[in-house]
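See structure below.
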Amino acid sequence: MSATSGEYRFSPEERPLFPGSPWSARHTPANRVAYAVSALVMAIASGLGNGMITANLAAIAGEMGLYVAEANLLLAVYVAFNATANLLLVKARIQFGIPATMHVVLGALMAAQLVQILHPTLGTAILARAISGIAAGGLTTLSLYNLFQVMPIRLRPIAAVVGFCLPQLAVPLARMFPLDAVAPTGWQGLHLVELAVALAAWAMLNLMPLPPVDRGKAFEPLDALTAVLTISAMLLLCSVLALGRFYWWTDAPALGWALAAAIPLMGLALLIEDKRKRPLLWVRWYATGDILFFTAVAIVVRVALSEQTYAAVGLLTLGGLTSDQLHPLFAIVLAAMVAGIVTVALTLRADRIVPMIMIAACLIAFGAWLDTHATSVTRPPQLYVSQALLGFGTILFLGPALMFGIGHVIRRGGNYLVSFVVLFSTTQNVGALAGSALLGSIQVMRTRTQAEQLAEHLSLGDPAVTARIGAYAQTLAPRIIDPAGQAQQARALLGQALNGQASILAFNDAFWVVTIIALGTALFIAAVTFRDFLRQRALQPAGAAA
């Protein structure tokens, strides 16, 4: 009997874990497999499009006639809407049900992609990224709900963790798409891929419908005001993070004005929520010690994980490699992430949350440290181990962090779900954008410093320098007859080589920063854990005497 039919009778233990989530049902093995496939499709659909945009952003910018800085607005818009999507999606699922909500979201996503394919402009691209960010938030949750139907009820927390980790697989998958499949006809193949995965998600939504949710009136008038204020603040903040390293932080007054406007907008939204009887966001819960600790660690670790998506890829791109030449590297990263999901599913328990987060931070630190030895001849094979460690560490961190947050939501009640989901999405999305901004800024500053230091050690009277210039001049001789012109061009080539070496050394400095951040996070967690242990030990005699 189908769990979606009116004849099915749910037992009390099959009650939804969170408001707006479907009941769990007793499915046949075949249905469980189908729901598992549906969960994987939803997870990949949630992040594949943005991953492909990120991987090919520079080429897309050129095709659209944009500067790379302008094209980064696409990432900022996606992150802002993805981080805040569940402000309204959770209540929409409660009031209208999962099918109706997701049909609207996926329909809007497919329509936006069609418009972008037929009429590609910056405006339609921004619209498509905004809708894609909202859809990604809904699809991530839908992947989680499908996994609830796969695993036994006693494993619901593990299902929730795995469901949130699966979308991470879309990032290495996006890097493995061949350029020939997405580059023709003005990169419209990329939008066709995103349209295809949206259609696949829509098909699975209809082929494997989820059990019903407990529906009821959920929306209140102030919800819209909070959403508008929060989204506006996030758009401004994400735009600053995305554009800051291109226009430079202190050279563009508009960045300062945007940040100055974002802070009061977010403050007003939080003030409104704090005064409501039934808020979307439980502001005072955010201020508790455990949640502040979780937020700080989540942001810092996410910043460190930008080593993989920005610094490692940037280093290899500097060496002249294209996306197609990075496929083996990201295949290994994908395998490491899958291994991480399996490890988390088999080993995660409430008493292991802190140790696993510490181990994840140490793995990230070790992987980044391995990359600090990069040279001009570093290629993907030299990064296999380090990037596998980072991929595994990503999942090993996400799993316990989610378990920690879900545990707090269960203890506090389902009303805190929106608050946690928005907080977690913000730390991961904005943290990743901030990580790229931080490492990109460090790389720019250190490139200048390293170039100056290298130039100080170069002298035209140095035999090695003279020999290098002579070699360049001989290379140029067939094309430039004038000896003076040969010498001038040879010195220019030497300068380019110096700047290239300075860039590599700057990337190594960025890897060192990630190493220090991740190792510092592990030590900080260890110190806090040891402090709590000493406090509990000090209280034990008093408790025994009482």
Side-chain angles (χ1 to χ4, degrees), residues 165 168 171 289-290 292-315 329 332-333 336-337 339-340 343-344 347-348 352-375 378 382-404 424 427-428 430-443 445-446 449-450 504-534:
C165 289
Q168 300 299 317
V171 177
D290 284 350
L292 287 174
F293 175 77
F294 164 81
T295 304
V297 171
I299 291 176
V300 170
V301 173
R302 196 70 226 182
V303 167
L305 288 171
S306 298
E307 194 265 31
Q308 185 168 81
T309 54
Y310 171 78
V313 172
L315 174 69
L329 173 63
I332 290 174
V333 172
M337 285 186 166
T343 302
V344 166
T347 62
L348 183 58
R352 295 176 179 171
I353 289 177
V354 173
M356 290 180 74
I357 290 178
M358 289 177 58
I359 292 172
C362 289
L363 288 176
I364 294 167
F366 184 54
W369 176 78
L370 290 176
D371 289 344
T372 59
H373 302 83
T375 67
T378 296
Q382 285 78 53
L383 303 183
Y384 284 168
V385 174
S386 63
Q387 297 309 303
L389 287 172
L390 265 76
F392 188 85
T394 299
I395 303 300
L396 201 62
F397 162 74
L398 281 179
L402 281 161
M403 176 74 81
F404 175 86
F424 186 78
T427 59
Q428 297 308 290
V430 179
L433 201 59
S436 296
L438 173 65
L439 297 185
S441 299
I442 290 172
Q443 202 270 333
M445 292 186 295
R446 292 301 298 168
T449 303
Q450 294 284 7
I504 293 171
L505 293 173
F507 273 115
N508 285 344
D509 292 337
F511 294 141
W512 270 114
V513 170
V514 172
T515 303
I516 294 170
I517 288 174
L519 192 58
T521 302
L523 293 174
F524 172 70
I525 296 172
V528 171
T529 304
F530 185 64
R531 182 204 64 185
D532 293 343
F533 169 75
L534 292 179

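Predicted, not measured: the structure shown is a model, and the values here were computed from it.
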Task: Ile517 side, atom CD1; Ile364 side, atom CD1 - distance, nearest 0.5 Å - done: 11.0 Å
Open item on the list: Let me confirm one number: the CD1-OG1 distance from Ile299 to Thr295, rounded to the nearest 0.5 Å.
Closed with: 6.0 Å
- [ ] Considering non-hydrogen atoms only, spot the tightest contact between Ser386 and Gly367 and give its length.
- [x] CB-O, 3.2 Å
TODO: Name all residues meeting the ring-ring contact (aromatic ring centres under 6.0 Å, His included) criterion together with Tyr384; count only those two or more places apart in sequence or in a different chain, and write none if there are none.
DONE: none
- [ ] Output yes when a side-chain donor or acceptor of Thr427 lies under 3.5 Å from a complementary backbone atom of Phe424, and no otherwise.
- [x] yes
- [ ] Under the side-chain hydrogen bond (donor to acceptor under 3.5 Å, both in side chains) rule, collect the residues that match up with Asp509, sequence neighbours excluded.
- [x] Arg446, Gln450
TODO: For the pair Trp369 and Phe366, name the ring-plane relationship: parallel under 30°, tilted 30 to 60°, perpendicular over 60°.
DONE: parallel
Open item on the list: For the backbone of Phe511 and the side chain of Asp371, can you confirm whether one donor and one acceptor N or O come within less than 3.5 Å of each other?
Closed with: no
Open item on the list: I need the single residue from Thr347, Ile359, Ile357 that forms a side chain to side chain contact (heavy atoms under 4.5 Å, CB included) with Arg352. Which is it?
Closed with: Thr347
Open item on the list: Please give me the minimum heavy-atom distance between Gly435 and Ser306, naming the atom from each residue.
Closed with: CA-OG, 3.2 Å
Task: Heavy-atom check, side chain of His373 versus side chain of Asn508, under 4.5 Å - done: no
Open item on the list: Checking Gln428 now: which residues fulfil side-chain hydrogen bond (donor to acceptor under 3.5 Å, both in side chains) with it, not counting sequence neighbours?
Closed with: Arg302
Task: side-chain contact (heavy atoms from CB on, under 4.5 Å) between Met356 and Leu348, intermediate numbers included - done: CA-CA 8 Å; Met356 290 180 74; Leu348 183 58; 3.5 Å; yes
Open item on the list: Please report the interatomic distance SG(Cys362) to CG(Leu519), rounded to the nearest 0.5 Å.
Closed with: 6.5 Å
Open item on the list: In the structure I gave you, are the side-chain heavy atoms of Leu390 and Leu363 within less than 4.5 Å of one another anywhere?
Closed with: no
Open item on the list: Working to the nearest 0.5 angstrom, can you tell me the gap between Leu315 CG and Gln382 CD?
Closed with: 10.0 Å
TODO: Any chance you could measure Met337, atom CE, to Ile332, atom CD1, to the nearest 0.5 Å?
DONE: 13.5 Å
TODO: Kindly say whether Ala368 contributes a backbone atom to a donor-acceptor pair with the side chain of Thr372 at under 3.5 angstrom?
DONE: no
- [ ] Output the distance between atom CG (Leu389) and atom CG (Leu396), rounded to the nearest 0.5 Å.
- [x] 11.0 Å
TODO: Might you point out which heavy atoms bring Ala336 and Ala388 nearest each other, and give the distance in Å?
DONE: CB-O, 3.3 Å
- [ ] Kindly give the heavy-atom pair with the smallest separation between Leu398 and Cys165, and that separation in Å.
- [x] CB-SG, 4.0 Å
Open item on the list: Ignoring hydrogens, what is the shortest heavy-atom contact between Gly391 and Val333? Give both atom names and the distance.
Closed with: CA-CG1, 4.4 Å
